[in-house]
Amino acid sequence: MSEMSTDKSYKTILLERAGGVATLTLNRPDKLNSFTVEMHGELRDALKAIAGDGATRCLLLTGAGRGFCAGQDLSDRVMNADAGGRAPDLGDSLENRYNPLVRALRALEMPVVCAVNGVAAGAGANLALACDIVLAAKSASFIQAFCKIGLVPDSGGTWTLPRLVGAARATALAMLGDKVGAEQAAAWGMIWRAVDDDKLMEEARGLAAQLASQATRGLALVKRALNASAANSLDQQLDLERDLQTLAGRTRDYQEGVAAFLEKRAPKFEGR
Ligand code: LHQ
């Protein structure tokens with residue numbers, strides 16, 4: 001898809017597709033892009049559209065305004081006791097909205113770049129950590145805010161955090177809810193890079209465009225291998241690498257990559 005197309009039908013997100021890159025912007029800036037039931041529905045639709053359009057080869061996720069995402073909108077009706085004083089079923093929110101969102105991002109067969117433009121709190125922080133490559137503005141921060149309201153890190157945070165930063169830091173972050181600045185997050189390996197604020201979107205778009213021009217079928221297989229590695233033994237992972245390499249070796253991009261190397265020219269990958 002060479003022309004820019006903007007889907008205007010969404011109320012809480014923006015979706016633009018151009019040049020093989022889909023840019024999804026969380027768009028409730030007055031509430032720091034916190035999640036509502038409606039936003040979850042729109043994200044679900046948008047991810048489905050991106051996965052099925054046959055042209056998008058990289059997803060870029062970011063937020064509008066000064067925040068990236070402040071997690072669940074705490075004023076949303078599903079978060080509060082009903083008129084009869086009955087506690088909300090937060091597990092239902094996870095089962096039907098957050099968990100499918102994280103699973104959809106992890107299963108999306110293309111690289112997902114996240115440009116964290118400002119504060120990422122609660123499920124907003126863990127949404128970012130569920131992406132494949134995370135850039136953050138130097139002024140942005142990550143807060144495991146859950147413990148401050150008596151909750152457990154969700155959206156995969158108890159899985160991603162210890163793997164990214166180790167058990168000691170993950171435990172303290174989950175129990176204290178301290179704010180981690182972008183540069184600290186990069187130094188700890190929680191994210192890929194911290195970038196000057198005014199360069200964030202330029203860098204993120206450049207990175208997304210680069211990924212979209214790479215051998216993206218292969219990148220989808222890389223993602224599959226890395227996703228599986230956390231639960232696999234070395235033996236299982238070696239078997240998986242064999243199977244995925246068999247698939248990679250059948251792509252047109254592999255043929256093109258080898259031909260380009262031998263002909264001493266730049267490859268022209270198509271994501272097939
Ligand atoms: C908000 C929010 C917000 C509503 C800022 N809701 N309005 C999922 C579902 C199932 C189970 C439960 O768990 C979850 C996952 C979760 O994500 S739970 C964790 C929910 N998130 C939080 O606890 C974070 C709450 N927000 C904050 O602590 C602060 O707003 C942060 C540190 C993110 C930013 O602080 P500031 O930069 O000082 O901004 P602010 O607090 O002034 O917020 C700006 C506006 O956004 C303000 O509205 P107002 O009308 O007064 O201008 C806030 O009320 C609103 N806002 N977060 N989560």
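Since we're looking at a predicted model, the values are computed, not measured. Positions are given from 1, in the same order as the sequence printed here. In listed order, ligands and their atoms are each counted from 1.
- Here the protein heavy atom with the shortest distance to atom 18 (S) of ligand 1 is F146 CD2, 3.8 Å.
- Using a 4.0 Å cut-off between a side-chain N of Lys or Arg and a carboxylate O of Asp or Glu, D45 and K48 do not qualify as a salt bridge.
- Taking atom 24 (C) of ligand 1 as the reference point, the nearest protein heavy-atom neighbour is A70 O, 3.6 Å.
- Salt-bridge check for D196 with K138: passed, with a basic side-chain N closer than 4.0 Å to an acidic carboxylate O.
- Side-chain N or O atoms of N126 include one that pairs as donor or acceptor with a backbone N or O of D154 at under 3.5 Å.
- Counting only heavy atoms, the protein never gets under 4.0 Å from atom 29 (C) of ligand 1.
- Here the protein heavy atom with the shortest distance to atom 10 (C) of ligand 1 is S93 CB, 3.6 Å.
- Note on L32 and I143: same hydrophobic cluster, where clusters join Ile, Leu, Val, Met, Phe, Trp and Tyr whose side-chain heavy atoms are under 4.5 Å apart, directly or indirectly.
- Here K148 has no heavy atoms under 4.0 Å from ligand 1, in either its backbone or its side chain.
- Using cut-offs of 30° and 60° for the angle between ring planes, the H40 and F35 rings count as parallel.
- In this structure, atom 53 (C) of ligand 1 has no protein heavy-atom contact shorter than 4.0 Å.
- Within the 4.0 Å heavy-atom shell around ligand 1 one finds R66.
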*Just do the salt bridge (charged side-chain N to carboxylate O under 4.0 Å, His left out) check on R265 and E256 with the steps written out, would you?*
CA-CA 10 Å; R265 61 173 173 82; E256 166 63 8; 2.8 Å; yes
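- With hydrogens left out, the protein atom closest to atom 58 (N) of ligand 1 is Q72 O, 2.8 Å, a heavy atom.
- In the vicinity of G71, heavy-atom distances shorter than 4.0 Å reach the ligand 1 atoms 17 (O).
- Within the listing of ligand 1, atoms 8 (C), 9 (C) sit less than 4.0 angstrom from a heavy atom of Y98.
- Among all non-hydrogen protein atoms, the one lying nearest atom 4 (C) of ligand 1 is D73 OD1, 3.3 Å.
- Close approach of ligand 1 to I143 (heavy-atom distance below 4.0 Å) involves ligand atoms 32 (C).
- Distance from atom 15 (C) of ligand 1 to its nearest protein heavy atom, with residue and atom name: D154 OD2, 3.2 Å.
- Protein heavy atoms are found inside the 4.0 Å sphere centred on atom 20 (C) of ligand 1.
- Of the protein's non-hydrogen atoms, D30 O, 4.5 Å is the one closest to atom 47 (C) of ligand 1.
- Put simply, atom 50 (O) of ligand 1 has protein non-hydrogen atoms near it, under 4.0 Å away.
- Although no hydrogens or angles enter the test, the distance criterion places a donor-acceptor pair under 3.5 Å between the side chain of N33 and the main chain of F68.
- Listed by number with element, the atoms of ligand 1 under 4.0 Å from a non-hydrogen atom of L151 are 12 (C), 13 (O).
- Distances between N or O atoms of L74 and those of ligand 1 include at least one value under 3.5 Å.
- Counting only heavy atoms, the protein never gets under 4.0 Å from atom 38 (O) of ligand 1.
- Residue I149 places no N or O, backbone or side chain, under 3.5 Å from any N or O of ligand 1.
- K223 has its side chain out of reach of P111: every pair of non-hydrogen atoms, C-beta onward, lies at least 4.5 Å apart.
- The protein does not reach atom 41 (O) of ligand 1 closely, with no heavy atom under 4.0 angstrom from it.
- Note on E109 versus R224: salt bridge recorded, some NZ/NE/NH1/NH2 to OD/OE distance being below 4.0 Å.
- Residues W192 and L135 form a side-chain contact, since some pair of their non-hydrogen atoms from C-beta on lies under 4.5 Å apart.
- Atom 5 (C) of ligand 1 has L32 CD1, 3.8 Å as its closest protein atom, hydrogens excluded (heavy atom only).
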